[in-house]
Amino acid sequence: MKLVENFDIKQIEKNVQDDLKDKDISRLIQEDENKKNEIMFIEGPPTMNGIPHAGHLRGRVFKDLWYRYNVLAGNKVIFNAGWDAQGLPVELQAEKELGNENGKSDIRSTEDIEKLVAECKEIVKKYHTKWVEVDKLIGMSLNQEKAYWTYKDEFIEKEWQLMKKAYENGIMTEGFRVVAYCPSCQTSLSHSEVNQGYDMVKDPSLYYKVKLAQEDKFLIVWTTMPFTLVTDAMVGLNPKEEYVEVRVENEIWIVGKTRLEEFMTEVKIENYKIEKTFLGTEMEGKKYIHPLLDEIPKLAEIAKQDNYHITVAENFVDVNAGSGLVHLSPANGEEDNNIAMKRGVTIFCPIDDEVKFTEDAGKYAGLFVRDADEKLVQAVKDRNALVRIGKIKHKYPLCWRCNHRLVWLARREYFYMLDKLGDKAIKAAEDVEYFFDQPKNRFLEIIKEKHPWCISRERFWGCPIPIWKCDECGNMERLFSRKEIVESAIELPDGENFELHRPWIDKIKVKCKKCEAVMQREEFVLDTWHNSGAAPIASLDESTYKEKIPAPFFTEGIDQTRGWAYTLLIENVIYNNAPVSPYKSFLFQGHVLDENGNKMSKSKGNVLDAKELLEKYPVDLVRFYFMWKASPIEPLNFSTKELMSRPYQVISTLYHLHTFYKQNSEYDKFNLQEYTIEWAKKKELLTPPDVWLLSKLQRMIERTTETNDSCRFHESAKAIEDFLINSLSQIYIPIIKSELWDEDDSKKDRRFTIYAILAKTLKAINILIHPFAPFTSQYLYRTIFHGKENILLESWPKVDSSLIDEKVETSFDLLKETVSVTSAARMKGKLKRRWPLNQALICLNKGEKEVLESLSELVKSQMNIQNYKIFEIDNSEGIEQYLELKQNGLPVMPKIELERSAIGPKAKQDMGKLLKIFAETDPELIINELRDNGSYTFQIGDNLVVLDKEDFIVDFEVKEKYQFAKRQNLIVIISLERDNEMMAKGLIKDLARRIQTLRKEKGFNPTDILEKASILELDQESLNLIKDKTDDIAFLIRVKNVDFTESCKNYKDDDIDGLKIRIAVE
RNA sequence: GGGCUCGUAGCUCAGCUUGGCUAGAGCGUUCGACUGAUAAUCGAAAGGCCAUGAGUUCGAAUCUCAUCGGGCCCA
């Protein structure tokens, strides 16, 4: 790899990519004896149903950052890719590609499934290529060859082993789950599909009354789906809301209080009287009599159970709709079903696949459910239970394919009953490090819910559930391995090595051990979250799993709290039947938003394609920017403009510091191996700036290590930025520059010391910044330092506490402050920084004199001043400060004003005269009086106005030929007087700067020594000042001779503060 | 609708636990200066009803409650 001429970060990136193309870094790391611990990373497998965008990149960068940091810190990190191939999104995409407009109902035969599955595999292949491409662009270190795939047979079989544990521990059961179902497509729909199709529809609004069994009172219940009366199981009230008993004619009705009046208007009842008010919670567990039991014998039978047809107090009940009481149909409502599951209530679901009532529905058997609405309303009316039937317009979901109204329907499914885990999952989750409180709290809350997890899906492309059921006797065979299936199969149409997917597995028939009938496989596949959640178990062999899991660090987007993080934990607890998490720590990452803070979405068109982004912008900047801009958990507003500003400056400075080091050290034939900091220390060559820089370096190492460990990557990036820009580039380099300029052989040791320090510092920065900007750091490391083959083989720097020097740091801070204040004073006096000044008078706090004087030479050189004096001052303001300054002999004059709000009441009508007299009075006189007597008396006519200290605002200014600036207690007064010598020096520097610019323009190297320089058209005065000093100029601009006659060929017009000159170099 | 969470300068954040100086820093912006690695750097300036409202208090960015807005998840 060669050093590029100019800083071209894209070119650097390309060179590194090319250079590393054929190199097997992971093998080098594997063989490196400095990398001691072997640790495991488990990739959260992206679903292969789309191309990566900017949001994905942030996650990629976090992972790779962690990898590189840990490798540098001395670990062998197993960093394998992983891909999630299955799941609904892939299947839907395949449907689209195949043109199956009716979704699942288009799949009728084995061949159809086969075609669908083949298409799914195609899609996965296509997107996998895109992802790998982007991974390569961004410099992901993932081992792609060893990637795990969730759809591979070996993965599936291991997942079955996990299911087996769940079954053996009594966690896996059958049950009912309510899904949105399209009666026309005969397909259930996922939540995201449902959310696509809400629209306003008209529905019946039915109020009916049910009598309490033990009291002569009626519950007034509201529903918009009368057919659900068939599957009615409970009536819900909100426990925290108020309800009332009202008398209507000779009946007592129970209604919510919040909407009582609206309700009465709606049902057209004018005369009613509130008899009692109470909280919903008081109504828990009262049996009621369903009005239609005679029509539905099966329901009547179930209703005999104690927990059936009772009132329940549940938070989800909304008192701002209907009557404030709702009936619960676990077969037809999601929330209703959850509550039934929680309370162990029987789920009565007499509805078939065509959404028609079955025989169990008694009188309504055979009817499409929504067609039963009218008949049910009539039946309610016939039994005198009708309060009111009306119409309501509300938002309701429609099928996104056929626009048919969806119904909510309980389907038989498989569940993990998480309450059976006891507190194991909670304990496991509590032991995990989350780095930030916000996601931790939410995650723990979710786990504490212990919601039953429905693991089955009525789909095709997924890990099949290996359970066979006998239709005759209901017996079940659970065959959790290929071996068991093969042994139990009646025949194997695709041989023993059939693919463990639908449709092939569906063809396997098993003989029932109880009744000898032929058993069919339950046509479910697993929830895709089960696949990814099984990753640690299913992607590793058993011994590796035992050895490496729990793994130290997992990370994914914050939306995965309930997703991957959750399923991983639950499945691991199930697998071990113990409170163990598969991860010791989990970092949840905030999402990427567009530059205005809006969510990136296809519909808004603000999605940034990852590949385009990485091809157009420098990858190191993208990576650095992602980590540097925001805290990991916060959302990040992504702006390419911002990306190209500060991050560019940081990386650019890093590059240029390297070229600076290279140019100078090569000129001196510096040998990095021979001359080290230890060597310099031994020879006592370190100056205060060196000590200071090394001390700062230690602090930065300490800080970055600490913040990387706690996932405060943004702080880590900022610590590097701060050191690089504010310490190294801004302070150290300008100080040592002049020392490097002096080529005398006797100063060689000093120059070598500087090179050694620069080399050590730059090398350390390269390593520290490597996880953030891998390309530039690898590039600079290789081209400038010719180190190991890959910077990853280096070791993370350790803090060397012998190099920390707090005293020097304090002195430097004071120096920086003093120089800064001096510059401000120069600004006021219009004195350029390169003009030397005669004298500075510096006022400091008590005790600081010594601190600053320890850097005496630097004070002069950095302030560009020939001598200085330091005064320690006690007072920071007012008359006391002025007096102290004066007492010290400083060239100050008092500046005095009246405190108007204070003197108003004292002077009253004499205010005008007072101001006039005050303006004419010598300030010094007032000060002296105040000092001696504590007050000053003005005589205004016959009146005496006595003003004390508080009535004056006293400040100071400096005498003529001085200028000053102050910041808090730091005051710098500079003398404006310059003699010829100083004027000459200033002029020389002015000239030198211009000639140096010209040198650069002409393309000379800084280290080249040129023949001559020529300066024309200087005025006589200036010429007199400098004509004897050509040697000084020659030294500054690296030429052999300087003259003032027209001796060169090409001259450039230039000017110094408006003075026209012509200059040339050859 | 529910849960968690965030809201301080254009941006990124500090300060909040334990109430008390004129609410700080860096970046960005504008103007000026410097520059021999630099799109670096230095100086100055502009920029804040600390989301809003109420309460507690002598005193609130800080404690309490409510509201509004953003994010994620769940409905």
Side-chain angles (χ1 to χ4, degrees), chain A residues 6-7 191 194-195 315-321 333-335 338 436-446 448-449 451 557-563 566 588-591 593 595 597-599 628-631 633-637 639 641-642 644-664 712 714-715 717-718 721-722 724-726 728-731 733-734 737-738 740-741 758 816 819-828 830-835 862 864 965 989-990 992-1000 1004-1008 1036-1038:
Chain A
N6 293 307
F7 179 58
H191 279 295
V194 172
N195 284 331
N315 284 323
F316 90 98
V317 176
D318 182 8
V319 291
N320 297 307
E334 220 173 344
E335 190 74 47
N338 288 343
F436 299 92
D437 284 343
Q438 166 195 354
K440 176 184 179 177
N441 294 339
R442 204 174 82 209
F443 190 52
L444 290 175
E445 285 306 309
I446 292 168
K448 281 178 192 160
E449 283 172 13
H451 259 322
I558 191 134
D559 55 312
Q560 296 295 341
T561 322
R562 188 179 284 266
Y566 182 74
F588 293 102
Q589 319 146 4
H591 285 169
L593 309 174
E595 59 188 317
N598 295 313
K599 208 173 154 171
W628 163 86
K629 170 156 178 166
S631 147
I633 50 154
E634 296 294 331
L636 182 145
N637 299 0
S639 149
K641 190 176 161 234
E642 191 174 40
M644 289 306 287
S645 54
R646 185 62 177 176
Y648 184 95
Q649 291 169 355
V650 173
I651 304 293
S652 153
T653 303
L654 181 67
Y655 170 88
H656 285 105
L657 286 168
H658 276 86
T659 56
F660 174 75
Y661 161 76
K662 187 184 156 79
Q663 273 170 5
N664 287 285
R712 264 80 181 163
H714 60 309
E715 291 182 33
K718 276 171 186 157
E721 174 194 14
D722 178 58
L724 186 66
I725 303 292
N726 296 336
L728 185 54
S729 176
Q730 171 196 335
I731 310 274
I733 297 287
K737 235 180 205 172
S738 53
L740 293 184
W741 203 234
L758 281 177
K816 270 155 68 180
V819 171
S820 164
V821 173
T822 310
S823 302
R826 276 175 178 271
M827 285 291 288
K828 281 191 186 170
K830 294 207 190 304
L831 295 163
K832 292 188 186 181
R833 197 145 170 194
R834 65 176 109 88
W835 293 351
Q862 291 307 298
N864 193 14
K989 278 199 172 182
D990 269 330
R993 199 204 115 205
R994 279 159 181 83
I995 294 169
Q996 278 144 9
T997 309
L998 182 64
R999 274 184 66 124
K1000 214 173 156 191
F1004 294 112
N1005 270 329
T1007 44
D1008 294 342
L1036 278 175
I1037 59 176
R1038 279 189 177 244

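Labels below follow one simple rule: chain letters A, B, ... track the order of the sequence lines, proteins then strands, and each chain is numbered from 1.
- Taking atom C1' on both nucleotides, B:rU22 is separated from B:rC31 by 25 Å, rounded to a whole Å.
- In this structure, A:A992 and A:V819 both approach RNA chain B, and ranking their closest nucleotides by distance from the 5' end singles out A:A992.
- The interatomic distance linking A:R562 (CZ) with B:rU5 (C1') rounds to 15 Å, in whole Å.
- Listed by chain and residue number, A:F7 satisfy the ring pair (Phe, Tyr, Trp, His ring centres under 6.0 Å) test with A:Y648 (two or more places apart in sequence, or in another chain).
- Here B:rC11 is the nucleotide among B:rU41, B:rC11, B:rC4 with the atom lying nearest to any side-chain atom of A:E642.
- Between atom CD of residue A:E642 and atom CG of residue A:L636 there is a gap of 8.0 Å, rounded to the nearest 0.5 Å.
- With both ends at atom P, the span from B:rC13 to B:rA51 equals 15 Å, rounded to whole Å.
- Rounded to a whole Å, the CZ atom of A:R712 is 18 Å from the P atom of B:rU12.
- With hydrogens and angles left out, the side chain of A:S645 and the base of B:rA39 share no donor-acceptor pair within 3.5 Å.
- Checked against B:rU38, B:rA75, B:rA37, the side chain of A:E334 finds its nearest nucleotide in B:rA75.
- One atom, CD of A:E445, and another, P of B:rC4, lie 6 Å apart when rounded to the nearest Å.
- A:K737 comes within 4.0 angstrom of a nucleotide base, judged by non-hydrogen atoms across all strands.
- Closest approach of A:A630 and A:P635 over heavy atoms only: CB-O, 4.3 Å.
- Using atom P as the reference point in both B:rC16 and B:rG55, the two lie 26 Å apart (nearest Å).
- Whole-Å rounding puts the A:Q862 CD to B:rU41 P distance at 16 Å.
- Across all strands, A:H591 comes closer than 4.0 Å only to sugar-phosphate atoms, never to a base (heavy-atom distances).
- To the nearest 0.5 angstrom, A:E715 atom CD is 12.5 Å from A:E721 atom CD.
- Ring geometry for A:Y566 against A:F443 counts as perpendicular: the plane angle is over 60°, on a 0 to 90° scale with 30° as the lower cut.
- A sub-4.0 Å separation between OP1 or OP2 of B:rA39 and a side-chain N or O of A:Q649 is absent.
- Looking at heavy-atom distances under 4.0 Å, A:I725 makes contact with sugar-phosphate atoms alone, never a base.
- Separation of the C1' atoms belonging to B:rC49 and B:rA61 is 12 Å when rounded to the nearest angstrom.
- Contact record, A:P439 with A:I633: CG-CG2, 4.2 Å, taken as the closest heavy-atom pair.
- Among the heavy atoms of the strands, none lies under 4.0 Å from A:T561.
- One can place CG of A:N726 at 8 Å from C1' of B:rG26, the figure rounded to the nearest angstrom.
- Here the straight-line distance linking atom CG of A:L998 with atom CZ of A:R994 works out to 12.0 Å at 0.5 Å rounding.
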Can you check nucleotides 68-70 of chain B for protein contacts, nitrogen or oxygen pairs under 3.5 Å, and list what you find?
none

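- Applying the 3.5 Å distance criterion, the base of B:rC72 shares a donor-acceptor pair with the side chain of A:R442.
- A:N338 and A:H451 are not linked by any side-chain donor-acceptor pair at a separation below 3.5 angstrom, with hydrogens and angles left out of the test.
- No contact: A:E449 has no heavy atom under 4.0 Å from any strand.
- Distance, A:Q730 CD to B:rA33 P: 20 Å, rounded to whole Å.
- Rounded to whole Å, the separation between the C1' atoms of B:rU57 and B:rG20 comes to 12 Å.
- Counting to the nearest Å, the C1' atom of B:rU38 and the OH atom of A:Y648 are 10 Å from each other.
- Atom C1' of B:rC21 sits at a distance of 44 Å from the matching atom of B:rG2, rounded to the whole Å.
- Nucleic acid contact for A:E721: none, since no nucleic acid atom lies under 4.0 Å from a heavy atom of the residue.
- Base contact: A:L657 has a heavy atom under 4.0 Å from a base atom.
- Rounded to an integer number of Å, the gap from NZ of A:K641 to P of B:rU12 is 14 Å.
- Here the nucleotide nearest the side chain of A:K629, chosen from B:rU12, B:rC27, B:rU5, is B:rU12.
- The main-chain N or O of A:F660 is found under 3.5 Å from a side-chain atom of A:N664 such that the two form a donor-acceptor pair.
- Listed pair A:N664 / B:rA37 fails the phosphate criterion, with no side-chain N or O lying under 4.0 Å from OP1 or OP2.
- Between the side chain of A:R562 and the main chain of A:I446, no donor-acceptor pair closer than 3.5 Å is present.
- Counting heavy atoms from C-beta on, the side chains of A:E445 and A:T561 never come closer than 4.5 Å.
- For A:I558, whose side chain is taken as the heavy atoms from C-beta onward, the closest listed nucleotide among B:rC72, B:rU12, B:rU41 is B:rC72.
- Taking the nucleotide of RNA chain B with the nearest heavy atom to each of A:P734 and A:E335, the more 5' of the two is matched to A:P734.
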If a pair means Watson-Crick or G-U wobble with both distances below 3.5 Å, what does RNA chain B look like in dot-bracket form, with | marking bases paired to a different strand? (((((((..((((......[...)))).(((((.......))))).....(((((..]....)))))))))))).
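- Atoms CD and CG, from A:Q663 and A:L740 in turn, are 11.5 Å apart once rounded to the nearest 0.5 Å.
- In the set B:rC4, B:rC72, B:rC11, the nucleotide with an atom closest to the side chain of A:D559 is B:rC72.
- Straight-line distance between the C1' atoms of B:rG43 and B:rG7: roughly 34 Å, to the nearest whole Å.
- Spacing between B:rU52 and B:rA60 at atom P, rounded to whole Å, works out to 15 Å.
- Looking at heavy atoms from C-beta onward, A:H714 lies out of side-chain contact with A:E634 at the 4.5 angstrom threshold.
- A:R999 comes within contact range of no nucleotide atom at all, as no heavy-atom separation falls under 4.0 Å.
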